[in-house]
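These notes concern the structure reproduced below.
By convention in this document, chain letters (A, B, ...) are assigned in the order of the sequence lines, proteins followed by strands, and residues within each chain are numbered from 1.
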Amino acid sequence: MLRTHTCGQLRKTDVGTEVTLCGWVESKRDHGGAVFIDLRDRYGLTQVVVGPPEADAAMIDQAGRVSTESVILIRGNVADRLEGKTNKKLPTGDIEVRSVHFEILNTCETPPFTPSQSDLPGEDLRLKYRFLDLRRPEMLRAMVLRSSIVKAMRDYFAEHDFIDVETPILGRSTPEGARDYLVPSRVHPSKFYALPQSPQLYKQILMVAGFDRYIQVARCFRDEDLRADRQPEFTQLDLEMSFVDSDDVIGLIDGLVAKTAKEILGKEVQLPLPRITYEEAMRRFGHDAPDLRFDMEIVDITSVAAKTEFRVFRGTADAGNFVRGIPVKNAATKYSRRQIDELTEYVKNDFGAKGLAWFRVEDDGTLWSPISKNLEPEHLEEIKTLMAGEPGDLLMFLADTWETTCKGLSGLRRRLASELGLIDPEALNCSWVTEFPMFDKDEETGSWNAMHHPFTAPLASDLELLKDDPSKCRAQAYDLVINGSEAGGGTIRIHDPATQSVVFDLLGIDAETAEDRFGFLLNALKYGAPPHGGIALGIDRWVMLFAGLDNIREVIAFPKTQKAADLMTEAPGGVDKAQLEELFLRTAKVPK
RNA sequence: GGCGCGGUAGCUCAAUUGGUUAGAGCCCCGGACUGUCGAUCCGGAGGUUGCGGGUUCGAGUCCCGUCCGCGUCGCCA
């Protein structure tokens, strides 16, 4: 090692020893006769003094000219700082290193921004110069946190006898799910590999192989549009177990949540984690990953709406749709008409709602609203009672289809909670959502889609519904929800060929297609497949949530932009014509 | 693909109703300085206002298009 210590290491007890430090010039204070340099590495900051008597004029001049973010090596003596000149902000603030040897290992051009500057530059610049951005303590902290979480997970599963197995990145395209990233084959003209959306099929085959307990920290790829919490390539802690039911998997992950919360955040999590069914989640919160850090539960007032003469309410109820709302406590004075208009535009634009009805609970307990004249006092009173409205509350309602009321009210709920500051930033609220539907209906084609994937087992009690009413058939599926974000999801798999073929039928996957796309799995399942199930945890999201951040790019070293570009490497980029020819590829013109 | 926000000096931002030579702080360059830690002081450089078009006597400002970044809906088994 060039150095004897790191920049975060030296203390008063080291005074008198000669040390060598290496690091980056965080800042420089040049007094002419002496130069003070804050030397930074991953571990901290140490003040270096280049001045007499240790340093001669040439060394002082050289130190005075060194540019910020240059990499230097200092040999010198650890010394007490002068009386009253200590820096309480630094762990190393009691000492300084008096340079006897000063060496520039590498210079730094004037950087577009520095890691220590208080005004964070725009994200595009940070991404282009990610190597500078990653020098920032916040980024370093996120990467260290990520490393700790992954290590805690690996340790936990190793303790539970899991085997870490790597599965291929170059696989084959499967029919359902997200859009694939494709890789052309050179030796098989006009054929393509697909990058894995998850190692789903492989891990099931590992169960057939008798591995019993498998994990992998697996990179996954999905060519879909991005979000603040979504990247085109992301990392899952993928897991599969044999001879288990839902409770076994959930119980195992409960233990992981408690362990990581304790080890990483020092937080106690009560086990077992609460579980609610999908049906309950949609009814109470309008979302399958409800944010349980605050209340504002959805209330159904369709029964009252049906009794009114108000056309919007009555018509909705008569059409078999729903009038549902949320009580917004103490918000009446916090939202002006104009702000409520904005919320109305929000539910219209983002969720296709037809409008937003709202009432203010007045001091005398009556409901005031632009539409209250359309409603009888007794009905207003009923609405207030159902919503448990108290003076100062705002009551907001959507009259629409089940799906639209869910989406709109869930969106409102999250937005209002955030705006009203109802969310404790320190909270780590973990829960399970279970009993997802097996299928949802494709509105365009009217056909059934697998809500999770086509190998998901139905609840044993719902087996008959597979034939009678697929829409009511529930799956042995479970999602882990942390702070209103889907942090993991898994299922128990079908291991019985008869059930599998019924499900394929429902999904419109004929025998030939099934054979073509995942015949290898179906084949494997014929050779002694144990009952099995598993889960995949979104590592990027875990880290984001544990870090209290709201953006996944902040916990990924080299993330991509909303258009899936890497601003640093400028990927994706063009390729040579020769490369295309070798792959038997030709690009088509982009339509204007 | 839809909706919304943004793009002005290397960086963070300002610029009145469309009006003179587009400003400030930081950074950078030169100089002074032995106790700073956001060093200080003196001086200086730095602009295709993302790009293209239009309206106007005159556009950073208004209009149209486009590119890029962000948020969100669709999408994400």
Give [X] one of three labels, base, sugar-phosphate or nothing, depending on what nucleic acid heavy atoms sit under 4.0 Å from its own.
| X | value |
| --- | --- |
| A:Q197 | nothing |
| A:P111 | nothing |
| A:L90 | nothing |
| A:D223 | nothing |
| A:S198 | base |
| A:G122 | sugar-phosphate |

Nearest to the [X] side chain among [options], which nucleotide is it?
| X | options | answer |
| --- | --- | --- |
| A:K89 | B:G38, B:G35, B:C37 | B:G38 |
| A:S27 | B:U12, B:C33, B:A39 | B:A39 |
| A:H31 | B:C33, B:C76, B:C28 | B:C33 |

Please name all residues satisfying side-chain contact (heavy atoms from CB on, under 4.5 Å) with A:D124, sequence neighbours left out, ordered by chain then number. A:L567

Using a distance-only criterion (donor-acceptor N/O pair, under 3.5 Å, no hydrogens), is the base of B:C37 paired with the side chain of A:R81? yes

Under the criterion side-chain contact (heavy atoms from CB on, under 4.5 Å), I'd like the reasoning laid out for A:V97 against A:V19: C-alpha separation, chi angles, the key distance, then a yes or no. CA-CA 8 Å; A:V97 174; A:V19 299; 4.0 Å; yes

Between B:C5 and B:A39, how far apart are the C1' atoms? Round to whole Å, please. 39 Å

Taking atom C1' in both B:U16 and B:A59, what distance in whole Å separates the two? 16 Å

Any chance the rings of A:F455 and A:F518 have centres within less than 6.0 Å? yes

For the rings on A:Y214 and A:Y202, is their centre-to-centre separation under 6.0 Å? no

Just by protein heavy atoms under 4.0 Å, how would nucleotides 65-75 of chain B read 5' to 3' in B, S and -? ---SSBBBBBB

Charged N to carboxylate O below 4.0 Å: is that the case for A:D133 and A:R130? yes

Using centres under 5.5 Å plus planes under 30 degrees as the test, is A:F113 stacked with B:C11? no

With a 4.5 Å heavy-atom cut-off, do A:T569 and A:F558 have their side chains touching? no

